[in-house]
Amino acid sequence: LFSWTAVIGALLNSGSFAPAFGFYREMVMSGICADHFLYPLVLKSCAGTRDLRDGRRVHADVLRSGFCWDLVVMNSLVDMYAKCESLEEAESVFGEMTERDVVTWTSLLAGYVQTGYRLEALDFFREMLTSDVKLSSATLAAILPVFSDLGSFDLARQIHGLIVGTGCELDKFVASALIDMYASCGGLGYSRLLFNRVKERDIVSWNAMIKGYAQAKLFDEMIELLFQMHADGMSPN
RNA sequence: GCAGGUAUGC
């Protein structure tokens, strides 16, 4: 079982979701049962391939093998259903869970956002604020694209204020989402100020800033940034 | 950085 887990984990790390699931099938056919460490990996492979049928089969396997007590396994189920755009099933698992953490909430939140249910996402985010889960940088990075879509500078200022209070403002995931949000809400200057303050810039923060200048047709600034990116040892993708 | 497992940004 350790060997199967190692192989499936390695495949997932290289993004090979379908082959990873293939190994799980072989493992099951050879009569070995998964444990609570393997199920999250298998569910991640279903989420990666967006294969709802396989995901439901694994869900049944989880129930049969009695690993519902494990929070990580349950979180992986919520994430799998959310990524497969079966939000009803994701909600149903979420609703039946007796224990939830910030990952549980963020998985479902991200599901609403990625499926385009913005209002549900905002409602759910408000619910999160009144619950006693502590928001993580992943939670914030997940909800911010909704504010990019809304395009309201006032709302952008408000959510930014909330984020400053969490201390996650300069997290690279949150920061690049904020840069994109301001660029989409008519606050490109705020994007740049934030960009300048981010220490660990990665390819995504650069792209967010470059995209902002491109959309505003500020091509001189954009080109300058491309050169600066090169000088910092990053190459455009 | 990793220490067999889950969520997040252009």
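Letters A, B, ... are given to chains in the order of the sequence lines, protein chains preceding strands, and every chain is numbered from 1. The basis for the numbers below is simple: all heavy atoms, side chains too, and nothing from hydrogens, waters or symmetry mates. As the structure is a computational prediction, the values presented were derived from the model and not from experiment.
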Q. Are OP1 or OP2 of B:A7 and a side-chain N or O of A:K44 less than 4.0 angstrom apart?
A. yes

Q: Determine the contact category for A:T139: base if any of its heavy atoms lies under 4.0 Å from a base atom, sugar-phosphate if only primed atoms, P, OP1 or OP2 are that close, otherwise nothing.
A: nothing

Q: Could you tell me the separation between the CG atom of A:D180 and the P atom of B:U8, rounded to a whole number of Å?
A: 17 Å

Q. Taking the P atom of each, how far is B:G4 from B:U8, in whole Å?
A. 23 Å

(Q) Between B:G5 and A:D35, counting only base atoms on the nucleotide and side-chain atoms on the residue, is there a donor-acceptor pair under 3.5 Å? (A) no

Q: Tell me what A:Q215 touches on the nucleic acid: a base, only sugar-phosphate, or nothing, going by heavy atoms under 4.0 Å.
A: nothing

Q: Compute both the distance and the angle, then confirm whether A:R100 meets the cation-pi test with A:F94: under 6.0 Å from the six-membered ring centre, within 45 degrees of the axis.
A: yes

Q. For A:K211 and B:G9, is the shortest distance between a side-chain N/O and OP1 or OP2 below 4.0 Å?
A. no

Q. Got a salt bridge between A:R197 and A:E169, using NZ or NE/NH1/NH2 to carboxylate O under 4.0 Å?
A. yes

Q) Taking the side chain as C-beta and beyond, is there a heavy-atom pair between A:V146 and A:I143 under 4.5 Å? A) yes

Q: With C1' as the reference atom in both, quote the distance from B:C10 to B:U6 in angstrom, rounded to an integer.
A: 24 Å

Q.
So does A:E88 get a backbone contact from the side chain of A:S92, meaning a donor-acceptor N/O pair under 3.5 Å?
A. no

Q. Between B:A7, B:G5, B:G4, which nucleotide has the shortest distance from any of its atoms to the side chain of A:F2?
A. B:G4

Q: Would you indicate which nucleotide in B:G9, B:A7, B:C10 comes nearest to any side-chain atom of A:V103?
A: B:A7

Q | Nearest to side-chain heavy atoms of A:V102, which nucleotide of B:G9, B:A7, B:G4 | A | B:A7

Q. Should A:E91 and A:Y112 count as side-chain neighbours, where that means a heavy-atom distance under 4.5 Å?
A. yes

Q.
For a side chain to side chain donor-acceptor pair (under 3.5 Å) check, start with the C-alpha distance between A:R57 and A:Y24, then their side-chain angles and the critical distance, and finish with the verdict.
A. CA-CA 12 Å; A:R57 283 187 198 115; A:Y24 172 69; over 6 Å; no

Q) Between B:U8, B:U6, B:C10, which nucleotide gets closest to the side-chain atoms of A:N207? A) B:C10

Q. For the base of B:G9, is there a side-chain donor-acceptor partner from A:D202 under 3.5 Å away?
A. yes

Q | Separation of the P atoms in B:A3 and B:A7, to the nearest angstrom | A | 13 Å

Q: Could you check how far CE of A:M128 sits from P of B:A7, rounded to whole Å?
A: 15 Å

Q: Figure out the CZ/P separation between A:R201 and B:C10, and round it to whole Å.
A: 19 Å

Q: For A:A110, answer base if it contacts any base atom (sugar-phosphate contacts may also be present), sugar-phosphate if it contacts only those atoms, and nothing otherwise; contact means non-hydrogen atoms under 4.0 Å.
A: sugar-phosphate

(Q) Within the 4.0 Å heavy-atom criterion, would you say A:T106 contacts the bases, only the backbone, or no part of the nucleic acid? (A) base

**Q.** Integer-rounded Å distance: B:C10 P and A:M234 CE
**A.** 16 Å

Q | Atom-to-atom span, CD of A:E99 to C1' of B:U6 - whole angstrom | A | 13 Å

Q.
Taking any heavy-atom pair under 4.0 Å as a contact, classify A:V73: base, sugar-phosphate, or nothing.
A. base

Q | Separation of atom OH in A:Y182 from atom C1' in B:C10, rounded to whole Å | A | 17 Å

Q: For A:A177, answer base if it contacts any base atom (sugar-phosphate contacts may also be present), sugar-phosphate if it contacts only those atoms, and nothing otherwise; contact means non-hydrogen atoms under 4.0 Å.
A: sugar-phosphate

Q. For the side chain of A:P40, counting heavy atoms from C-beta on, which of B:U6, B:G4, B:A7 is nearest?
A. B:U6

Q) Once you round it to whole Å, what is the distance between P of B:G5 and CG of A:L41? A) 8 Å

Q: Could you state the atom-to-atom distance from CE of A:M74 to P of B:G5 in whole Å?
A: 20 Å

Q) Can you name the closest pair of heavy atoms from A:L226 and A:P236 and give their distance? A) CD2-CG, 4.2 Å

Q. Taking the side chain of A:S107 as its heavy atoms from C-beta onward, which of B:C10, B:U6, B:A7 lies nearest to it?
A. B:A7

